Asker: 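Attaching a single structure in structure tokens format; questions to follow.
Every chain is numbered from 1, with letters handed out A, B, ... down the list of sequences. As the structure is a prediction and not an experimental result, all values here were calculated from the model.
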There are 2 protein chains.
Amino acid sequence: MEKLDHLDRRLLKILQRDCARSLEDLGADVGLSRNAVWRRVRALEEAGIIRARVGLLDPEKLGLGLTVFMLIKAGRHSPDWLERFSQVTRDMPEILGVYRMTGELDYMIRARVADVGAYDRLYRDLISRIDLHDVSASFVMEEIKDTTALPL
Amino acid sequence: MEKLDHLDRRLLKILQRDCARSLEDLGADVGLSRNAVWRRVRALEEAGIIRARVGLLDPEKLGLGLTVFMLIKAGRHSPDWLERFSQVTRDMPEILGVYRMTGELDYMIRARVADVGAYDRLYRDLISRIDLHDVSASFVMEEIKDTTALPL
DNA sequence: GATGAAATGATTACTTA
DNA sequence: TAAGTAATCATTTCATC
């Protein structure tokens with residue numbers, strides 16, 4: 001896919017906030033026929049620019065009121081260790097994000113759990129599966145902002 | 001809305017990975033007629049358990065290859081300061097997440113930018129708008145996992 | 001929870017600029 | 001190459017059982 005033009009950007013801007021809008025509706029917003037919109041959206045999907053359309057659930061209502069960030073030092077730094085760490089964290093559904101970082105801390109984990117007790121179980125579970133040198137947790141008291149919408 | 005049953009959970013599990021599936025399709029997966037699925041999904045939306053349906057875009061393909069976490073100490077702790085901090089960060093589209101934390105650091109910001117230069121502009125922009133005592137940045141070298149799907 | 005009708009929306013083929 | 005028109009096909013929505 002070639003460069004995005006102004007209309008592509010406007011469509012993406014809308015779709016990354018609400019992907020349930022009809023083509024007609026989108027067309028009215030950006031000033032195109034529903035077909036022109038359809039073709040553009042399909043091209044954006046095929047190019048992988050739109051990676052997925054997903055439902056965003058309310059964590060509070062599902063009993064997942066606590067977000068925790070875990071700051072991790074690895075201890076070991078072999079490729080095997082990283083491979084295992086990746087596998088283990090990908091397999092744990094409470095873990096939503098795992099990032100290898102620059103700076104003092106080696107890795108950061110973002111997780112969603114019910115409460116501090118559930119975090120403790122997650123922590124024990126994790127360290128039983130993989131060797132970690134140092135782990136410290138920071139809990140989120142307030143989510144001031146949290147969006148999946150990228151700047152366009 | 002009353003408690004979620006097994007079928008609700010199965011539907012949510014599917015929808016939070018792909019919300020473009022047809023009702024028929026979903027029904028085949030969970031063993032329900034399209035209409036039974038329709039009613040359940042609508043109830044989940046009305047209860048706010050499904051908060052939104054959004055398109056997830058590929059940050060790399062949009063020239064936003066760098067994720068940065070900013071660890072922030074506030075300096076001031078007045079309600080006014082917090083109000084202004086919230087407003088300022090909500091207004092900056094590169095900033096995707098802002099969290100008030102327990103522990104030593106007061107706030108954490110998650111942002112997406114093109115490169116280190118773009119981060120520097122974001123940083124300057126932020127500190128020009130709000131008084132911050134201490135800011136340190138950690139860049140993401142590798143995204144091992146990053147999902148919007150909650151554990152069900 | 002199921003059935004089926006009516007309304008809406010998505011997709012295709014074709015035409016135009 | 002990109003967009004519009006119109007016909008067709010699929011899906012959603014809703015009344016009724």
Side-chain angles (χ1 to χ4, degrees), chain A residues 1-63 147-152, chain B residues 1-64 114 147-152:
Chain A
M1 183 160 190
E2 327 80 73
K3 269 271 147 281
L4 301 175
D5 69 9
H6 180 61
L7 292 173
D8 291 322
R9 282 181 191 277
R10 281 186 60 193
L11 289 171
L12 289 174
K13 230 173 201 168
I14 300 169
L15 289 173
Q16 72 174 341
R17 303 221 172 252
D18 180 4
C19 69
R21 307 268 307 268
S22 74
L23 296 173
E24 198 107 48
D25 204 9
L26 290 168
D29 265 32
V30 303
L32 283 173
S33 73
R34 69 169 161 250
N35 274 26
V37 173
W38 181 77
R39 272 191 293 263
R40 279 170 183 266
V41 171
R42 199 173 56 127
L44 290 165
E45 275 169 339
E46 275 170 5
I49 292 170
I50 300 174
R51 273 191 324 158
R53 292 157 179 258
V54 305
L56 258 27
L57 310 185
D58 186 322
E60 311 282 341
K61 295 200 166 106
L62 293 164
T147 183
T148 55
L150 301 177
L152 298 172
Chain B
M1 185 162 189
E2 326 81 71
K3 268 271 146 283
L4 301 176
D5 69 9
H6 180 60
L7 292 173
D8 291 322
R9 281 179 192 280
R10 282 187 58 195
L11 288 171
L12 289 174
K13 231 172 201 168
I14 298 169
L15 288 173
Q16 72 174 339
R17 303 220 171 253
D18 180 5
C19 69
R21 309 265 308 268
S22 74
L23 295 171
E24 194 107 45
D25 205 10
L26 289 167
D29 264 33
V30 303
L32 239 40
S33 74
R34 21 164 193 260
N35 287 35
V37 173
W38 178 74
R39 266 192 300 270
R40 279 170 184 263
V41 172
R42 198 172 59 125
L44 290 165
E45 275 169 339
E46 276 171 3
I49 291 170
I50 300 174
R51 274 191 321 157
R53 291 158 180 257
V54 303
L56 258 29
L57 310 186
D58 186 321
E60 313 281 341
K61 294 198 168 106
L62 294 165
L64 296 165
T147 181
T148 55
L150 300 177
L152 297 171

Asker: OP1, OP2 of D:dA3 versus side-chain N and O of A:R40: anything below 4.0 Å?
Answerer: yes
Asker: Can you check the A:R21 CZ to D:dT11 C1' distance for me, whole Å?
Answerer: 19 Å
Asker: Atom CG of A:L44 and atom P of D:dA2: how far apart are they, to the nearest Å?
Answerer: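 Distance, rounded to whole Å: 13 Å.
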Asker: How many Å lie between CD on A:E46 and C1' on C:dT11, as a whole number?
Answerer: 13 Å
Asker: Would you kindly check whether a donor in the side chain of A:R39 faces an acceptor in the base of D:dA3, or vice versa, at under 3.5 angstrom?
Answerer: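 Such a pair exists between side chain and base.
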Asker: Report the residue (B:G31 or A:N35) whose heavy-atom-nearest nucleotide on DNA chain C is the more 5′ of the two.
Answerer: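 The residue closer to the strand's 5' end, by nearest nucleotide, is B:G31.
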Asker: Any side-chain heavy atom of A:L4 sitting closer than 4.5 Å to one from A:L12?
Answerer: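 Sidechains of A:L12 and A:L4: in contact.
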Asker: Check the phosphate of D:dT13 against B:W38, side-chain N and O only, distance under 4.0 Å to OP1 or OP2. Yes or no?
Answerer: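 For D:dT13, OP1/OP2 do have a side-chain N/O of B:W38 under 4.0 Å.
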Asker: For B:L62 versus A:L150, what's the shortest heavy-atom pair and its separation?
Answerer: CD1-CD1, 4.0 Å
Asker: Rounded to the nearest angstrom, tell me the gap between atom CG in A:L26 and atom P in C:dG9.
Answerer: 11 Å
Asker: Is there side-chain contact between A:R21 and A:D29, with heavy atoms separated by less than 4.5 Å?
Answerer: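 Side chain of A:R21 against side chain of A:D29, heavy atoms only: contact under 4.5 Å found.
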Asker: Just how far, in rounded Å, is C1' of C:dA10 from CD of A:E24?
Answerer: 11 Å
Asker: If each of B:R34 and B:L7 is mapped to the nucleotide of DNA chain C with the nearest heavy atom, which maps nearer the 5' terminus, i.e. the 5' end?
Answerer: B:L7
Asker: Can a cation-pi geometry be assigned to B:R42 and B:W38, taking NZ or CZ under 6.0 Å from the six-membered ring centre and within 45° of the ring axis?
Answerer: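 Output yes; distance and angle both within limits.
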Asker: Starting at atom CG of B:L23, determine the distance to atom C1' of C:dT8, rounded to an integer number of angstrom.
Answerer: 13 Å
